[in-house]
Amino acid sequence: MGIRMPIKVCRDYNEMSRAAAEIVADHIRNNPRGILGLATGSTPEGLYACLVEKYKSGELDFSGIISYNLDEYYPIEPDNEQSYRCFMDRHLFDRVNINKANTFVPDGTAPAPDAFCRAYDEQIKAAGGIGLQLLGVGRNGHIGFNEPADELIGGTHLTELTESTIKANSRFFASADDVPRHAITMGIDNIMNAGGVVLLASGKDKHDALTALLNAPETPHIPVTLLRRHKNLTVLCDEDAYYG
Ligand code: GLP
């Protein structure tokens, strides 16, 4: 594959999850009051399970950690099981000693989403910026919910989901009709401004997106390719995603 960037090809999903957890754990140990940018989706579930294990065995302390999540469906109630707030509570926040008041997920009920988005960005900036951002990738190369477009938006914003993402994410809902059509997502500048980015890609479904990140010309039509410009990007993938 073409462009040089730190990439670790793991044998399988579990090995990738463990490797990602080591990076996050190191970051937390070195920055006990650090700010994490967190992601949802199937991909980081294993990573969160490893972090919970590390917490339970006394290796990790989340008490000083602040977190900002990348995205949330809109509209959605926080207690809807498919909300990303619920996902984070279920997989991480309720299982470690993080102070829930320091966990921020975009508000899927915000009555004025634009004002909410500006405030989210200001809050992240005032907190000192994101130290380490975790990312998955959509099959079409979306990151967060930054869908393919002629131009990507820099800050947090309300966005419309593409049909392919609605279809891909419908596996978590009763039917595709139940998937919200919009989402609030951090923008490309939020991601690029993070001190470090760890991108995870697992499974054959992600082969095209990963190949584009590693080989294709940079284009907003495949948002993940823009990450290449990040000065501190680490890619972790499994063999299925790498070899297809
Ligand atoms: C979702 C999320 C993304 C995630 C992607 C891949 O739509 N908004 O943040 O990276 O799709 O999800 P999965 O890991 O389930 O394949």
Side-chain angles (χ1 to χ4, degrees), residues 10 12-14 16-17 20-21 24 36-50 67-76 80-88 90-92 104-108 117 120 130 132-149 152-153 156-173 176 178-188 190-192 194 197-210 212-213 222-227 233-238 240-242 244:
C10 302
D12 56 22
Y13 178 76
N14 289 338
M16 181 194 76
S17 301
V24 179
L36 297 179
L38 299 179
T40 51
S42 307
T43 309
E45 284 182 15
L47 152 65
Y48 293 141
C50 292
S67 70
Y68 286 91
N69 261 76
L70 260 182
D71 51 10
E72 177 61 283
Y73 291 111
Y74 188 88
I76 201 161
N80 181 316
E81 278 196 12
Q82 301 313 329
S83 74
Y84 287 166
R85 162 52 75 182
C86 254
F87 175 100
M88 290 308 305
R90 200 161 58 234
H91 289 283
L92 187 66
F104 301 96
V105 178
D107 181 1
C117 292
Y120 201 65
I130 288 167
L132 185 67
Q133 178 69 54
L134 305 180
L135 283 182
V137 60
R139 290 160 184 72
N140 63 0
H142 75 240
I143 43 178
F145 273 127
N146 293 275
E147 295 278 22
L152 298 184
I153 296 172
T156 301
H157 58 281
L158 184 70
T159 187
E160 195 173 347
L161 304 188
T162 62
E163 278 308 315
S164 70
T165 297
I166 291 167
K167 197 168 156 230
N169 290 11
S170 66
R171 68 191 194 278
F172 299 111
F173 291 81
D178 294 320
V179 183
R181 266 37 190 173
H182 293 82
I184 292 175
T185 182
M186 284 188 195
I188 192 71
N190 299 98
I191 295 166
M192 295 304 283
V197 174
V198 176
L199 180 124
L200 303 179
S202 166
K204 291 180 192 295
D205 275 0
K206 304 297 172 70
H207 177 64
D208 290 350
L210 180 63
L213 169 64
I222 313 175
V224 71
T225 61
L226 273 78
L227 286 182
L233 166 69
T234 303
V235 180
L236 296 176
C237 65
D238 59 15
D240 282 349
Y242 191 78

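Just follow the structure's listing: the first ligand is 1, and inside any ligand the first atom is 1.
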**Request:** Check Ser42 against ligand 1 and report side chain, backbone, both or neither, counting heavy atoms closer than 4.0 Å.
**Result:** both

**Any donor-acceptor pair under 3.5 Å from His207 side chain to Ala241 backbone** = yes

**Request:** Could you list the atoms of ligand 1 found under 4.0 angstrom from a heavy atom of Asn169?
**Result:** 1 (C), 7 (O)

**Request:** Output yes when a side-chain donor or acceptor of Ser170 lies under 3.5 Å from a complementary backbone atom of Ala176, and no otherwise.
**Result:** no

**Request:** For atom 4 (C) of ligand 1, grab the closest protein heavy atom and report residue, atom and distance to one decimal in Å.
**Result:** Thr40 O, 4.0 Å

**Request:** Select one of side chain, backbone, both or neither to describe which atoms of Arg171 lie under 4.0 Å from any atom of ligand 1, heavy atoms only.
**Result:** side chain

**Asked** Side chain of Asp238, backbone of Gly203: donor and acceptor closer than 3.5 Å?
**Response** yes

**Asked** Out of curiosity, is Gly144 lining ligand 1, as in a heavy atom under 4.0 Å away?
**Response** yes

**Request:** Would you mind running through ligand 1 and noting each atom that sits below 4.0 Å from a heavy atom of Lys206?
**Result:** 6 (C), 13 (P), 14 (O), 16 (O)

**Asked** In the protein, what heavy atom is nearest to atom 6 (C) of ligand 1, and what distance, to one decimal place, separates them?
**Response** Val137 O, 3.4 Å

**Prompt:** Is it the side chain (CB and beyond), the backbone, both or neither of Tyr84 that lies under 4.0 Å from ligand 1, heavy atoms counted?
**Reply:** side chain

**Complete:** Numbered in order shown, the ligand 1 atoms found under 4.0 Å of a heavy atom of Gly136 are 10 (O)

**Item:** Contact check, side chains of Val24 and Leu132, non-hydrogen atoms, under 4.5 Å
**Value:** yes

**Item:** Residue pair Leu38 / Leu92, side-chain heavy-atom distance below 4.5 Å
**Value:** yes

**Item:** Those atoms of ligand 1 less than 4.0 Å from some heavy atom in Asp71
**Value:** 2 (C), 8 (N), 9 (O)

**Request:** Look at atom 12 (O) of ligand 1 and say which protein heavy atom is nearest, naming residue and atom and giving the distance to 0.1 Å.
**Result:** Gly41 CA, 4.0 Å

**Message:** Under 6.0 Å between ring centres: does that hold for Tyr73 and Phe173?
**Reply:** yes

**Prompt:** Are any non-hydrogen side-chain atoms of Thr185 and His142 less than 4.5 angstrom apart?
**Reply:** no

**Request:** Quick one: look at Thr43 and ligand 1, take heavy-atom pairs under 4.0 Å, and tell me if it's side chain, backbone, both or neither.
**Result:** both

**Separation between CD of Glu147 and OG1 of Thr165, rounded to the nearest 0.5 Å** = 3.5 Å

**Asked** For atom 11 (O) of ligand 1, what's the nearest protein heavy atom and its distance?
**Response** His142 NE2, 3.2 Å

**Request:** Answer yes or no: is there a side-chain heavy-atom contact under 4.5 Å between Leu210 and Val235?
**Result:** yes

**Request:** Would you mind running through ligand 1 and noting each atom that sits below 4.0 Å from a heavy atom of Phe145?
**Result:** 7 (O), 8 (N)

